[in-house]
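Chain A is the first sequence line, chain B the second, and so forth, proteins listed ahead of strands; every chain is numbered from 1.
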2 protein chains.
Amino acid sequence: MKVSKLQMAEHRDQIIESAARQFRESGFDGISVSDVMKEAGLTHGGFYGHFDSKEELMALASQRAVHKSVSKYAKIIEGAPQKPLMTLVESYLSSRHQAHPETGCLFAAVGSELARQPSSVKHAVMQEEAKLLELIARIVPGRTKAAKRRRAIAVFAELVGAMILARCVPDPELSKEILATVSDSVAAGQ
Amino acid sequence: MKVSKLQMAEHRDQIIESAARQFRESGFDGISVSDVMKEAGLTHGGFYGHFDSKEELMALASQRAVHKSVSKYAKIIEGAPQKPLMTLVESYLSSRHQAHPETGCLFAAVGSELARQPSSVKHAVMQEEAKLLELIARIVPGRTKAAKRRRAIAVFAELVGAMILARCVPDPELSKEILATVSDSVAAGQ
DNA sequence: ATTATCTATAGATCTATAGATAATGC
DNA sequence: ATTATCTATAGATCTATAGATAATGC
């Protein structure tokens with residue numbers, strides 16, 4: 001039953017990866033430790049050899065989810081040097097992203113639940129969120145660094161809010177309207 | 001044990017009211033039927049005489065929460081005829097609202113969970129959400145009705161996103177920065 | 001007589017732990 | 001010998017229901 005150190009490290013990684021996916025799909029309360037371990041191909045009881053608690057996993061999985069978003073959007077920006085902001089916005093506000101919270105933005109997927117989590121979870125997320133804001137600040141218009149940061153915060157809030165509202169709405173046409181409208185709105189602000 | 005028809009109607013109302021408060025405070029999964037009945041001063045088992053399921057209560061309580069927001073913001077607008085939009089925005093993005101999700105905007109409080117609820121819940125909310133968008137559309141700038149609606153959607157997304165992000169962040173200074181920045185951003189868009 | 005509420009419980013979860021098992025790595 | 005994983009379970013939830021109780025309202 002015992003596995004090698006390397007194998008164990010891979011298991012740990014797979015647990016975090018599965019959790020990052022499932023938490024975004026079903027929420028922190030909607031996924032049990034057992035669900036995560038099942039998807040990782042391990043049994044429930046083995047979890048506590050890797051982590052102290054579900055809370056620790058929530059922190060690590062949330063951090064990884066945002067970290068991956070930072071990497072993803074950094075690549076998107078690199079790939080579109082002439083109009084990076086609109087490329088990022090179109091990707092974020094796509095119907096593809098709307099349909100796949102499990103691989104998308106953590107804040108849109110579980111933002112209102114994250115707000116109620118203990119600070120260990122919030123702090124873990126914050127570390128990567130800061131990088132995300134810096135990334136956006138580099139591609140928004142603004143004369144000073146401070147102005148760019150302010151614009152980045154406003155754009156990010158608009159994106160997160162739009163995706164959450166689009167997902168809350170039962171009518172697909174209204175969802176599309178929300179995403180398209182906010183996309184145009186961000187474009188109008190440059 | 002039996003109570004009068006009037007009393008029963010009041011009990012039903014109180015259950016919905018307590019649920020609307022508690023769901024916004026702790027999320028749909030964070031509050032049990034028993035919690036709601038306890039706050040309403042009734043016992044757990046009595047719940048099923050009033051409602052078919054927790055899902056039905058989620059729909060009714062969510063609808064009531066948004067309905068109350070519509071009433072509240074209608075009054076705020078009435079009370080500030082010269083600059084209604086900024087008055088609404090300042091109220092929405094206040095630190096008071098940040099600290100009290102249980103009486104505030106449903107979308108900011110449980111938006112990412114609402115996105116995963118069955119359509120019965122989403123539809124109940126949608127009815128009132130449409131009124132909220134119409135309310136905002138009346139006070140935003142725009143030459144045509146369509147332009148006002150577009151601006152209302154963008155403003156609403158920005159407000160909801162900003163409040164969720166402010167509540168996710170573990171540093172109170174950063175929370176303040178987010179709320180203040182988005183407040184200025186909405187003002188700049190008129 | 002009817003029925004709103006209460007008590008009690010079934011059945012299905014959940015997190016976390018204890019002890020057994022079996023493969024790694026000294 | 002050590003230890004990563006598994007099996008089994010404790011203890012605490014959760015939604016929903018069945019049957020008892022007692023007050024309303026015909």
Task: Interatomic distance, A:Gln14 CD vs D:dT5 C1' [rounded to whole Å] - done: 16 Å

TODO: Scan A:Gly49 against the nucleic acid and name what it touches under 4.0 Å (heavy atoms): base, sugar-phosphate only, or nothing.
DONE: nothing

- [ ] Take atom CG of B:Asp35 and atom P of D:dT15, then tell me their distance rounded to the nearest Å.
- [x] 8 Å

Task: Short side-chain to backbone donor-acceptor contact, A:Arg24 and A:Ala20, under 3.5 Å - done: yes

Task: Nucleotide nearest B:Ser53 (side chain, heavy atoms from C-beta), chosen from C:dC6, D:dA16, C:dA16 - done: D:dA16

Open item on the list: Between A:Lys54 and C:dT15, is there a contact of a side-chain N or O with OP1 or OP2 at under 4.0 Å?
Closed with: yes

Open item on the list: Need to verify one output field. Residue with the more 5' nearest nucleotide on DNA chain D, B:Val3 or B:Phe47?
Closed with: B:Phe47

- [ ] Please figure out whether B:Ser4 or A:His50 has its closest DNA chain D nucleotide nearer the 5' end.
- [x] A:His50

Task: Between C:dA23 (C1') and A:Lys5 (NZ): distance, integer Å - done: 14 Å

Open item on the list: Rounded to whole Å, please give me the gap between CD in B:Gln7 and C1' in D:dA23.
Closed with: 12 Å

Open item on the list: Could you identify the nucleotide paired to D:dT13, looking across every strand shown and requiring Watson-Crick or G-U wobble geometry with both distances under 3.5 Å?
Closed with: C:dA12

TODO: Report yes if a donor N or O on one partner sits less than 3.5 Å from an acceptor N or O on the other, where the partners are the side chain of B:Lys2 and the base of C:dT3; otherwise report no.
DONE: no

- [ ] Taking atom NE2 of A:His67 as the centre, report whether more than 12 heavy atoms of other residues, nucleotides or ligands fall under 6.0 Å from it.
- [x] no

TODO: Consider the side chain of B:Leu42, meaning its heavy atoms from C-beta on, and name the nucleotide among D:dA4, D:dT7, C:dC6 that approaches it most closely.
DONE: C:dC6

TODO: Figure out the CG/C1' separation between A:Leu6 and C:dA23, and round it to whole Å.
DONE: 15 Å

Open item on the list: In this structure, how many angstroms lie between the P atom of D:dT9 and the NE2 atom of A:His44, rounded?
Closed with: 15 Å

Open item on the list: Using the rule that Ile, Leu, Val, Met, Phe, Trp and Tyr join whenever any side-chain heavy atoms are under 4.5 Å apart, tell me whether A:Tyr48 and A:Ile16 fall into a single cluster.
Closed with: yes

TODO: Let me know which of A:Met58, A:Arg21, A:Gln22 forms a side chain to side chain contact (heavy atoms under 4.5 Å, CB included) with A:Ile31.
DONE: A:Gln22

Open item on the list: Is there a side-chain contact between B:Tyr48 and the phosphate of D:dT17, meaning an N or O under 4.0 Å from OP1 or OP2?
Closed with: no

Open item on the list: If hydrophobic clusters are built by linking Ile, Leu, Val, Met, Phe, Trp and Tyr wherever their side-chain heavy atoms come under 4.5 Å apart, do A:Ile153 and A:Val70 end up in the same one?
Closed with: yes

Task: Atom pair distance, as rounded to whole Å: NE2 in B:His11 and P in C:dT3 - done: 18 Å

Open item on the list: Under 3.5 Å for both donor-acceptor distances, Watson-Crick or wobble: does C:dA22 have a partner, and if so which one?
Closed with: D:dT3

Open item on the list: In whole Å, I'd like the distance from the CD atom of B:Glu10 to the C1' atom of D:dT24.
Closed with: 15 Å

